Amino acid sequence: MEDCNSRIIAPSLLAADWGQVGAEVKRAEQAGADWLHLDVMDGHFVPNISFGPQFVGAVRPHTGMTLDVHLMLERPDVYFPRFVEAGADRITVHIEVDHDVGATLAAIREAGCGCGLAINPDSDFASVEPYLDQIDLMLVMTVRPGFGGQAFMESETMPKVRAARDWRRKHNLSYHIQVDGGIDGQTVAIAGENGANVMVAGTSLFKAPDMPEAVEQMRLA
Ligand code: DX5
Ligand code: ZN
């Protein structure tokens, strides 16, 4: 298991060519990516619909990469077991939805998956504090969720990345700090300096002219 100080590159499948998803997943792995980030959207919690557990199951046999499933769902407590069955290695749920977050995080871990908690740009860091000793990953969204290709929201989100880093140090915890949205060769350095180690990127990786070079640049920036 990678530790929270190692830089992890996680391309978001949202930006891939879904018409040839198997080849795209292999392309990401051969480009040197560590995890594959899967953005699941239900059209209620976010104003977009992406894919469900069956699609994650279709991806699973094509890669040995960690499948990092980001549930942008109104009822992640109801649906997460289907993603466990589909082969998810990590499952992240949002603090903003109306469910028993603590119970859901514990149940995800109980099912053998890494559990993550996500916070949107407009949410206060205080809302996640009660759960930080129960997670393996903290996702600080750096765009409002729903669509790829948006601009990095630095001022609204970097203070939360720093707060997550400081809290982890103060409480001697070891969760990963992940950022997702508008991450490219430049913004990845800002996120890293503030304490993030897991970098989710869709557009800047899958749409890069040279994906291996873009992954390497993101790893070293
Ligand atoms: C938003 C999505 C995007 C996606 C990455 O809900 O989660 O952030 O993963 O999008 P890019 O890297 O294209 O900004
Ligand atoms: Zn995501």
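A quick note: this is a predicted structure, and the numbers were derived from the prediction, not measured. When a ligand or atom number is given, it counts from 1 through the structure's own listing order. Residue numbers count from 1 along this sequence.
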Practice task
Give the atoms of ligand 1, by number and element, whose distance to some non-hydrogen atom of Phe147 is under 4.0 Å.
Solution key: 1 (C), 3 (C), 6 (O)
Problem - Cationic N near anionic O, under 4.0 Å, Asp34 to Arg219 - result: yes
Practice task
Mind checking how many protein N/O/S atoms fall short of 2.8 Å from the Zn ion (ligand 2)?
Solution key: 4
Handout entry: Close side-chain approach of Leu38 to Leu67, heavy-atom, < 4.5 Å
Key = yes
Exercise for the section: Considering only NZ, NE, NH1 and NH2 on the basic side and carboxylate oxygens on the acidic side, decide whether Arg75 and Asp42 come within less than 4.0 Å. Expected result: no
Fill in the blank from the handout: Numbered in order shown, the ligand 1 atoms found under 4.0 Å of a heavy atom of Met41 are 6 (O)
Exercise for the section: With heavy atoms of Pro145 as the reference, note each atom of ligand 1 found under 4.0 Å away. Expected result: 1 (C), 6 (O)
Problem - Geometric N/O contact His37 with ligand 1, under 3.5 angstrom - result: no
Practice task
For atom 7 (O) of ligand 1, state which one of Asn120, Asp184, Asp39 supplies the nearest heavy atom.
Solution key: Asp39
Exercise for the section: Give yes if a backbone or side-chain nitrogen or oxygen of Gly202 is under 3.5 Å from a nitrogen or oxygen of ligand 1, and no if not. Expected result: yes
Practice task
Output the distance between atom CG (Asn5) and atom CG (Asn197), rounded to the nearest 0.5 Å.
Solution key: 7.0 Å
Practice task
Please confirm whether Arg144 comes within less than 3.5 Å of ligand 1 when only nitrogen or oxygen atoms on both sides are compared.
Solution key: no
Exercise for the section: Could you walk me through whether Leu105 and Val93 pass the side chain to side chain contact (heavy atoms under 4.5 Å, CB included) test, one step at a time? Expected result: CA-CA 8 Å; Leu105 292 167; Val93 300; 4.1 Å; yes
Exercise for the section: Report yes if Gly149 has an N/O atom closer than 3.5 Å to an N/O atom of ligand 1; otherwise report no. Expected result: yes
Exercise for the section: Check step by step if side chain to side chain contact (heavy atoms under 4.5 Å, CB included) holds for Thr142 and Met158. Expected result: CA-CA 8 Å; Thr142 42; Met158 289 305 103; 3.8 Å; yes
Which donor-acceptor pairs under 3.5 Å do the side chains of residues 45-55 make with protein atoms, sequence neighbours left out?
| residue | atom | partner | partner atom | Å |
| --- | --- | --- | --- | --- |
| Asn48 | ND2 | Gly146 | O | 2.8 |
| Ser50 | OG | Asp39 | O | 2.7 |
| Ser50 | OG | Met41 | N | 2.8 |

Exercise for the section: Output the list of atoms in ligand 1 that are nearer than 4.0 Å to some heavy atom of Thr203, sorted by atom number. Expected result: 11 (P), 12 (O), 13 (O)
Problem - Geometric N/O contact Gly146 with ligand 1, under 3.5 angstrom - result: yes
Problem - Ser12: numbered ligand 1 atoms lying under 4.0 Å from its heavy atoms - result: 4 (C), 9 (O)
Practice task
Check the pair Asp89, Arg60 against side chain to side chain contact (heavy atoms under 4.5 Å, CB included), reporting the backbone distance first and the verdict last.
Solution key: CA-CA 10 Å; Asp89 297 293; Arg60 180 70 278 177; 2.9 Å; yes
Practice task
With heavy atoms of Gly181 as the reference, note each atom of ligand 1 found under 4.0 Å away.
Solution key: 8 (O), 14 (O)
Problem - Any N or O of Asp180 closer than 3.5 Å to N or O of ligand 1 - result: yes
Practice task
Return a yes/no value for Ala15: is any of its N or O atoms, backbone included, closer than 3.5 angstrom to an N or O of ligand 1?
Solution key: no
Handout entry: Whether Lys207 lies under 4.0 Å from ligand 1, heavy atom
Key = no
Handout entry: Ala201 near ligand 1 by a heavy-atom separation under 4.0 Å
Key = yes
